[in-house]
Amino acid sequence: MMPKQDVIPEQTAVSWPIVMSVSMAGMRRRFSRAMITMVGVVLAIAFLCYMLLNETFVQSMIAEGSDDLNILLQNANVDILSGGGTDQMTVLLIGLTLLTSLVGIINAMLMAVTERVREIGTLKCLGATDQFVVRTYFVESAVQGVCGSALGMVLGLVVSMVVNLKTYGWFALKTFPAGGVVVALLVSLGAGAVLSVVAAIIPAYMAARKQPVEALRVEE
Amino acid sequence: MSETEYLKDAEEREEDIVIRAIDVKRHYHGMDGNVTKALDGISLDVLRGEYLSIMGPSGSGKSTLFNMIGGIDSPTEGMVFIDEIDVAQLDSYELAWLRCHKIGYIFQSYNILPVLTALENVTLPMVFAGNSPNEAREKGMAILETVGLGDRALHRPFEMSGGQQQRVAVGRAIANDPVIILADEPTANLDVHTGEEIIELLNKLRDERGITIISATHDMKMLDVSTRILWIRDGKVQRLEERKNLNIEIGRIESE
């Protein structure tokens with residue numbers, strides 16, 4: 001009765017720059033909300049970075065083995081014999097902070113999805129694939145995460161430097177563990193990036209599942 | 001008309017048919033086992049290049065039918081063909097392709113993406129269709145000229161009036177040279193004069209490009225330019241009438 005339907009060609013994947021521009025435009029428009037989400041990341045990563053840096057500083061100062069410095073270290077309640085390693089409680093605390101920040105980002109991203117149901121529906125009516133929608137949310141979360149981590153990294157470094165200079169004076173600079181600091185900074189940045197990408201999984205999936213019908217719903 | 005007769009009749013007009021719905025039913029199952037029959041067996045052929053208006057009170061199944069023939073909802077029973085493609089057999093990728101290439105949507109509340117400029121809104125469907133940004137930009141500008149917004153390409157939606165936003169929406173709808181434009185009460189949020197301009201624009205596109213226009217509307221002016229008008233009630237076709245057989249007077253309340 002009906003002729004055989006046309007073969008539908010493979011849909012061309014939308015290039016990343018387009019995805020980027022759509023999600024960046026979205027973030028510019030909702031700048032204040034993006035900022036609030038970012039503050040959560042900044043604080044968590046700053047804390048992580050600060051703890052990592054302190055550990056490096058202390059270890060490097062213990063290795064120095066100077067008597068004056070050891071007195072300062074003892075005054076600062078550092079357990080010299082254990083090599084200045086981070087204790088279990090601290091690890092737990094860092095983990096908890098990161099987890100809280102993760103939940104915060106998920107919450108913010110879920111809100112972004114609910115808020116934009118009609119927008120997602122419209123995009124799908126225009127021919128956006130699920131993949132495109134997923135990508136925009138991942139890009140949005142990743143950009144927030146990486147910017148937040150970078151800021152958090154700087155904040156953690158500044159606070160750590162101030163605290164260490166205040167406690168140990170010029171020893172902090174004399175024994176400055178450049179390699180360790182770089183590693184600590186990179187770990188913080190990486191943790192933030194991973195955190196934000198993991199946080200985007202559920203919201204992006206939910207966004208992709210929204211139906212184009214939603215676009216037709218009239219807001220009351 | 002029996003189903004075989006109906007199909008035979010339809011076969012004769014095959015080349016002109018752009019949408020064919022065959023005994024479409026859409027049932028919603030409620031929590032307590034109730035079945036709501038939003039559409040209860042609708043058969044309909046829409047011809048290429050026609051202007052079909054769908055009318056019906058709220059809850060009549062009008063929107064459901066509209067979604068069916070727009071490829072954004074699938075029937076519980078029956079079949080819908082859009083430009084000879086059986087919608088029920090498509091997966092989500094293919095549906096996205098269909099919506100991208102065959103159908104242009106116009107919404108009551110414009111649904112222009114607020115974060116993009118007029119030009120970006122118009123070029124977005126072309127990008128989804130795989131056009132290069134340069135091609136899309138050129139074509140997008142030409143389309144904005146067509147809808148009368150050539151000087152507003154870089155404006156954002158909040159800098160534009162409702163009528164201008166709806167023009168952007170029309171431009172976006174025709175971006176990929178669709179076969180069908182689906183317009184859901186496109187003039188409902190506009191004042192009379194602006195609404196008329198949008199209707200004229202749609203009619204012009206139909207004349208010049210042979211695009212089939214299907215709209216859900218209560219606007220007498222839209223009914224006036226329609227080729228056919230379909231009334232839906234309780235999920236069934238209540239009446240399907242050629243425009244020329246109706247006596248529509250602008251400014252008077254219609255009595256059915």
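The environment of A:M206 atom CE is sparse: at most 12 non-hydrogen atoms of other residues, nucleotides or ligands sit within 6.0 angstrom. More than 12 heavy atoms of other residues, nucleotides or ligands lie within 6.0 Å of OH in B:Y28, so this atom counts as buried by the packing criterion. Other residues, nucleotides and ligands place more than 12 heavy atoms under 6.0 Å from the CZ atom of B:F158. Under a cut-off of 6.0 angstrom, the local environment of CE in A:M24 is sparse, with at most 12 non-hydrogen atoms contributed by other residues, nucleotides or ligands. A 6.0 Å sphere centred on CD of B:E138 holds no more than 12 heavy atoms belonging to other residues, nucleotides or ligands. Other residues, nucleotides and ligands contribute at most 12 non-hydrogen atoms within 6.0 Å of the NZ atom of B:K37. Around the CD1 atom of A:I202, the shell of radius 6.0 Å holds no more than 12 heavy atoms that belong to other residues, nucleotides or ligands.
Of the inter-residue distances, the one linking B:R172 atom CZ with A:T122 atom OG1 reads 6.0 Å to the nearest 0.5 angstrom. Rounding to the nearest 0.5 Å places CD1 of B:I106 at 12.0 Å from SG of A:C125. With rounding to the nearest 0.5 Å, the separation of CD1 in B:I72 from NZ in A:K124 is 12.0 Å. In this structure, CD in A:E119 is found 11.0 Å from CD1 in B:I112, a value given to the nearest 0.5 Å.
When heavy atoms are compared at a cutoff of 4.5 Å, B:P178 does not approach chain A at all. Proximity to chain B (any heavy atom under 4.5 Å) is shown, for A:Q211, by neither the backbone nor the side chain.
Side-chain contact between B:Y105 and A:P212 is absent, with no heavy-atom pair separated by less than 4.5 Å. Side-chain contact check for A:Q131 versus B:Y93: some heavy-atom pair is nearer than 4.5 Å.
In terms of heavy-atom pairs under 4.5 Å with chain A, the best-connected choice from B:P133, B:P114, B:S92 is B:P114.
A:L126 and B:F128 get closest at one heavy-atom pair: O-CD1, 3.7 Å. In this structure, B:A96 and A:A128 approach most closely via the heavy-atom pair CB-O, 4.0 Å. Minimum interatomic distance between B:C100 and A:G127 (heavy atoms only, all atoms of both residues): CB-CA, 3.6 Å.
Of the possible polar contacts, none joining the A:R118 side chain to the B:N111 backbone as a donor-acceptor pair under 3.5 Å is found.
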